[in-house]
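Right, one structure below, let's go through it.
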Amino acid sequence: MRTDPSNGQAGESRQTYDQKLEFVLQRAAEVFAERGFHRASIRELARATGMSLAGHYYYFRSKNEALFRICDHVLRLILDTFEERAKAIDDPLERLRLLVFTHLEISLSHMREMKVLSHEAESLRGEYLAKIRQTKKRYYDSLASILREIRGDRRGNGRDLRLAAMTLFGSMNWIYTWYRPEVDGEAKRLTDFMLGIFLRGFLGGEGATARRAGRILRHPSR
């Protein structure tokens, strides 16, 4: 465990460190969401947390690291939460619904982080950018695999699946630009509505899979 350079004391417990890190991530995300990565300074990040510059360096050594930690944190939170929840689910339609619900549920509680991930991740450089792209690919591969399993036949090709996956990601990732809780409801309602539109286009209105998708959306098991 590192020593906090702002006070010279031994590092705190992992739980305390994680709690403080969560706070610092939230404040840094607020600054990046408001100012943008390139306009924000490391001093502004420190000021947003109420820490000295030295204390801030305990958590982030640079703006590049701060941006990486924000993007990596929220992206892995979505992906890891989905994978844990999906362990006992065999039906691909149910897994797709769970993926969309998890993505939206976490997005609604991490709006600034999602804005930063969507707008600023490509400002990263070197190993940080490579790691984020690797995690994004892992997430994309999970969704594409589910869509391939749902369709269950050989219609179309990999490019069709890519278009479908990116269309769904686009719908989910941009809710921070328009979401109004008093009008749009909670994550479950958003999931049913968004997934209903998507599956009607992806599967069409015919066939047993499309009919089963309709039943799942009308009577979800979770």
Side-chain angles (χ1 to χ4, degrees), residues 1-6 11-12 14 17-83 99 102-104 106-145 158-159 161-163 165-179:
M1 189 70 67
R2 290 183 291 180
T3 297
D4 188 333
S6 66
E12 63 275 311
R14 168 54 60 181
Y17 174 83
D18 289 344
Q19 290 171 343
K20 289 184 178 179
L21 177 61
E22 179 77 19
F23 169 77
V24 173
L25 285 172
Q26 290 173 353
R27 293 298 179 268
E30 290 174 4
V31 174
F32 285 144
E34 177 68 25
R35 298 273 292 159
F37 173 73
H38 294 290
R39 293 178 60 198
S41 70
I42 195 71
R43 290 186 180 276
E44 287 177 299
L45 299 183
R47 190 158 55 243
T49 64
M51 295 180 180
S52 67
L53 191 59
H56 189 76
Y57 279 135
Y58 180 52
Y59 298 96
F60 306 132
R61 297 292 179 180
S62 66
K63 276 203 318 177
N64 203 45
E65 183 183 358
L67 178 58
F68 168 74
R69 298 289 287 275
I70 293 166
C71 295
D72 183 67
H73 176 73
V74 72
L75 189 56
R76 287 184 180 275
L77 181 60
I78 294 171
L79 187 52
D80 293 346
T81 300
F82 163 70
E83 289 177 343
L99 183 149
T102 301
H103 190 113
L104 294 175
I106 291 174
S107 294
L108 293 183
S109 61
H110 294 75
M111 285 291 208
R112 293 183 181 89
E113 290 87 341
M114 291 303 297
K115 180 179 180 180
V116 172
L117 176 64
S118 297
H119 280 271
E120 307 291 350
E122 291 300 311
S123 296
L124 290 166
R125 294 292 179 265
E127 184 180 3
Y128 287 145
L129 179 59
K131 287 181 177 180
I132 290 297
R133 286 178 172 174
Q134 184 179 31
T135 305
K136 283 184 175 182
K137 185 178 185 305
R138 176 181 151 206
Y139 193 12
Y140 167 84
D141 288 345
S142 294
L143 175 56
S145 177
R159 286 183 296 178
L161 286 175
R162 180 182 183 279
L163 285 173
M166 299 311 290
T167 296
L168 186 54
F169 276 135
S171 298
M172 295 188 293
N173 286 338
W174 285 84
I175 65 168
Y176 70 86
T177 65
W178 53 260
Y179 177 71

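Positions are given from 1 along the sequence. Treat the numbers as computed from the prediction; the structure is a model and nothing was measured. The figures that follow rest on heavy atoms only: side chains count, while hydrogens, waters and symmetry mates do not.
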Query raised in the report: When rounded to the nearest 0.5 angstrom, what is the spacing between CE in Met166 and CG in Leu163?
Result: 9.5 Å

Report summary line: Between Ile42 and Lys63 the two heavy atoms that sit nearest each other are CD1-N, 3.9 Å

Query raised in the report: Would you find a donor on one side and an acceptor on the other, under 3.5 Å apart, between the side chain of Thr81 and the backbone of Leu77?
Result: yes

Report task. Could you tell me which residues satisfy salt bridge (Lys or Arg N to Asp or Glu O under 4.0 Å) with Glu83, sequence neighbours excluded, listed by chain and number? Result -> Arg138

Query raised in the report: How long is the gap from SG on Cys71 to CE on Met114, to the nearest 0.5 Å?
Result: 9.5 Å

Query raised in the report: Hey, does Tyr58 have a side-chain heavy atom less than 4.5 Å from the side chain of Met51?
Result: no

Query raised in the report: Parallel under 30°, tilted from 30 to 60°, perpendicular over 60°: which one fits the rings of Trp174 and His119?
Result: perpendicular

Query raised in the report: What distance separates Leu104 CG from Leu99 CG, expressed to the nearest 0.5 Å?
Result: 9.5 Å

Query raised in the report: Does a side-chain heavy-atom distance below 4.5 Å link Leu25 with Val74?
Result: no

Report summary line: For Ile175 and Ser107, the nearest pair of non-hydrogen atoms, with its separation, is CD1-CB, 4.1 Å

Report summary line: Nearest heavy-atom approach of Thr102 to Ile78 is CG2-O, 3.7 Å

Requested in this report: Any pair with a residue in residues 38-60 that passes salt bridge (Lys or Arg N to Asp or Glu O under 4.0 Å), sequence neighbours left out, goes on the list, sorted by first then second residue, please.
Outcome: Arg35-Glu44

Query raised in the report: Is there side-chain contact between Ser123 and His38, with at least one heavy-atom pair below 4.5 Å?
Result: yes

Query - Spatial distance of atom CG (Leu67) from atom CD1 (Ile132) [nearest 0.5 Å] - result: 8.0 Å

Report summary line: Between the CD atom in Glu113 and the CD atom in Gln26, the distance rounded to the nearest 0.5 Å is 6.0 Å

Report summary line: In terms of heavy-atom contacts, Val116 and Ala33 come closest through CG2-N, 3.8 Å

Query raised in the report: Which value, rounded to the nearest 0.5 Å, describes the distance between Leu129 atom CG and Phe68 atom CZ?
Result: 10.5 Å

**Report entry** Non-hydrogen side-chain atoms of Phe82 and His103 separated by less than 4.5 Å
**Finding:** no

Query raised in the report: Tell me, do Tyr176 and Ser118 make a side-chain contact under 4.5 Å, heavy atoms counted?
Result: yes

Query raised in the report: Would a 4.5 Å heavy-atom cut-off, applied to side chains only, mark Phe23 and Lys20 as touching?
Result: no

Requested in this report: Tell me, please, which residues at least two apart from Glu30 pass salt bridge (Lys or Arg N to Asp or Glu O under 4.0 Å).
Outcome: Arg27, Arg112

Report task. Under the side chain to side chain contact (heavy atoms under 4.5 Å, CB included) rule, what do Leu117 and Ile70 come out as? Steps first, then yes or no, please. Result -> CA-CA 8 Å; Leu117 176 64; Ile70 293 166; over 6 Å; no

Query raised in the report: Are the side chains of Val24 and Arg69 in touch, meaning some heavy atoms are under 4.5 Å apart?
Result: no

Report summary line: Shortest non-hydrogen pair, Leu45 vs Ala66, comes out as CD1-CB, 3.9 Å

Query raised in the report: So do Asp72 and Lys131 actually touch side chain to side chain, heavy atoms under 4.5 Å?
Result: no

Requested in this report: Kindly give the heavy-atom pair with the smallest separation between Val31 and Ala48, and that separation in Å.
Outcome: CG2-CB, 3.6 Å

